[in-house]
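Here is the structure we will look at, set down as structure tokens.
The first residue of the sequence shown is numbered 1, and numbering continues consecutively from there.
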Amino acid sequence: MKVLSNEILTAVIKKRQTNSHKGDYGRLILIGGDAHYGGAIILAASAAVYSGTGLTTVACDPLNWSPLHAHLPEAMVLDFKQNIDQSIVNADVIVIGPGLGLSTMSLQILKTVLKEINQNQILIIDGSAISLFAEEKLKLKFPENTIFTPHEMELQRLTGIKIGNQSVEKIQNYVNQNGVIIVAKSHETKVYGPLVEPFLLKVGSPAQATGGMGDTLAGMIGSFLGQFRQASLLECVAAATYLHSFIAENLSKDNYVVLPSLIISRIPKFMKLFEE
Ligand SMILES: NC(=O)C1=CN([C@@H]2O[C@H](COP(=O)(O)OP(=O)(O)OC[C@H]3O[C@@H](n4cnc5c(N)ncnc54)[C@H](O)[C@@H]3O)[C@@H](O)[C@H]2O)[C@@H](O)CC1
Ligand SMILES: Nc1ncnc2c1ncn2[C@@H]1O[C@H](COP(=O)(O)OP(=O)(O)O)[C@@H](O)[C@H]1O
Ligand SMILES: [Mg+2]
């Protein structure tokens, strides 16, 4: 396995061109945040905006619009119950799952996205959307443009490989057979791409073990994928995953618990250290 280091950040994070504009830094739509899990989509969207996404849209339950805007006026909002097929048309990157929930409506939203997505769009499937995808045995149109970000329980649901038995070899086989990227999250997170040696994360801290931490990562990954077109999908995913835990580990030196929102607030400063 390749151990990730700061090198992945300097390879992926680029200085911005003087004559660039918001349209050059990704059009991202994040879909999730039902009536119970508004916080998840607020964290994912905040992580995306603070990682540099040019245009961020959140499709969620309208109950969450005001709380979202109180935290993040930069984001645009849509109702996830209405015309999700049209909502995704202009997106470069789609993140689905943080706080999406497991309702019939959530499933319908996921199915519509999987059906309407086009080959130029990148899809990140996280949280509830992984559980629904697995439960309903759904199919991908463009596996090569798809990233799953499961924790161990979600990985078990997705692949059938039981917690405790999730060896590198077994996960790599699943990735090779299905042609997707998987971020297998745990205290020793690994990033897998088809037919390549996986990346291993050696940064991170148990101070990260708090709700919303993975939602934050999903937003960062979506943001990197929309911005850094010179790098491969796998490199973007690896860089965002490394940065998330690198910031957390730094903060854990003088914080007993590292809140997702604290990590989010520090993303721009940490990215600035590595731009090249
Ligand atoms: N503030 C919010 O609105 C939050 C919403 N969330 C959303 O809640 C939904 C359900 O996600 P959950 O992950 O809570 O529920 P799940 O039921 O999918 O998974 C949680 C279960 O998996 C177990 N588990 C085993 N290994 C694990 C590992 N390495 N990491 C994490 N859990 C492990 C946990 O003990 C727990 O019983 C998702 O849509 C998620 O985005 C959560 O992110 C929590 C915060
Ligand atoms: N003990 C730990 N050491 C390092 N990282 C951890 C630890 N516990 C959790 N994390 C990280 O926190 C995140 C948790 O993701 P997830 O369980 O999906 O959170 P949520 O769904 O609540 O947002 C992952 O990136 C995981 O690697
Ligand atoms: Mg999660």
Side-chain angles (χ1 to χ4, degrees), residues 22 26-114 116-117 121-133 147-151 154 185 208 210-223 225-226 240 244 258-265 267:
K22 62 191 175 187
R27 291 169 206 272
L28 179 65
I29 182 165
L30 301 111
I31 307 167
D34 72 2
H36 304 281
Y37 293 140
I41 206 71
I42 293 173
L43 288 167
S46 302
V49 170
Y50 280 73
S51 300
T53 299
L55 287 162
T56 304
T57 302
V58 175
C60 65
D61 190 302
L63 273 176
N64 298 317
W65 289 356
S66 294
L68 170 72
H69 275 149
H71 285 273
L72 192 72
E74 292 83 357
M76 294 164 277
V77 291
L78 293 169
D79 183 347
F80 68 176
K81 293 189 287 296
Q82 287 180 1
N83 307 327
I84 200 74
D85 53 336
Q86 288 160 38
S87 303
I88 64 170
V89 167
N90 291 321
D92 307 312
V93 181
I94 302 165
V95 174
I96 186 162
L100 182 65
L102 302 174
S103 70
T104 316
M105 183 200 60
S106 311
L107 176 61
Q108 201 46 53
I109 293 169
L110 175 61
K111 282 184 171 170
T112 305
V113 169
L114 293 174
E116 298 296 330
I117 193 164
Q121 293 175 312
I122 302 169
L123 179 63
I124 296 117
I125 304 184
D126 180 53
S128 311
I130 299 176
S131 302
L132 288 169
F133 184 91
I147 296 99
F148 287 99
T149 54
H151 58 55
E154 290 161 343
K185 299 181 299 192
Q208 282 174 266
T210 183
M213 191 55 67
D215 304 320
T216 300
L217 176 60
M220 291 178 72
I221 292 174
S223 184
L225 286 164
H244 173 252
V258 177
L259 299 193
S261 29
L262 182 62
I263 296 179
I264 290 166
S265 70
I267 297 171

Only counting residues at least two apart or in another chain, list the ones meeting side-chain hydrogen bond (donor to acceptor under 3.5 Å, both in side chains) with [X].
X: Ser131; result: Arg157
X: Ser103; result: Ser106
X: Thr53; result: Ser223

| Which residues satisfy the salt bridge (Lys or Arg N to Asp or Glu O under 4.0 Å) test with Asp85, sequence neighbours excluded? |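 Salt bridge (Lys or Arg N to Asp or Glu O under 4.0 Å) check on Asp85 returns nothing, list empty.
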| said: Holding to salt bridge (Lys or Arg N to Asp or Glu O under 4.0 Å), I want the full list of residues that pass it with Asp126, two or more places apart in sequence or in another chain. | reply: Lys185
For residues 26-44, which side-chain N or O atoms pair as donor and acceptor with protein atoms under 3.5 Å away, sequence neighbours left out?
{"residue": "Asp34", "atom": "OD1", "partner": "His36", "partner atom": "N", "Å": "2.9"}
{"residue": "Asp34", "atom": "OD1", "partner": "Tyr37", "partner atom": "N", "Å": "2.9"}

| task | Could you list the residues that satisfy side chain to side chain contact (heavy atoms under 4.5 Å, CB included) with Ala129, not counting sequence neighbours? | result | Ile96, Leu100, Leu110, Ile125
| side chain to side chain contact (heavy atoms under 4.5 Å, CB included) partners of Lys81, counting only residues at least two apart |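 Only Asp61, Pro62, Asp79, Met105 meet the side chain to side chain contact (heavy atoms under 4.5 Å, CB included) criterion with Lys81.
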| task | With the side chain counted from C-beta on, respond yes when Leu217 and Met213 share a heavy-atom pair under 4.5 Å apart, and no when they do not. | result | no
| query | Can you list every salt bridge (Lys or Arg N to Asp or Glu O under 4.0 Å) pair that touches residues 65-75, not counting sequence neighbours? | reply |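 Found none.
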| request: Scan residues 88-109 for pairs that pass salt bridge (Lys or Arg N to Asp or Glu O under 4.0 Å), counting only residues two or more places apart or in two chains. | output: Asp92-Arg229
| said: Going by ring-ring contact (aromatic ring centres under 6.0 Å, His included), name the residues that satisfy it together with Phe133, two or more places apart in sequence or in a different chain. | reply: Phe148
| Which residues share a ring-ring contact (aromatic ring centres under 6.0 Å, His included) with Tyr50, sequence neighbours left out | none
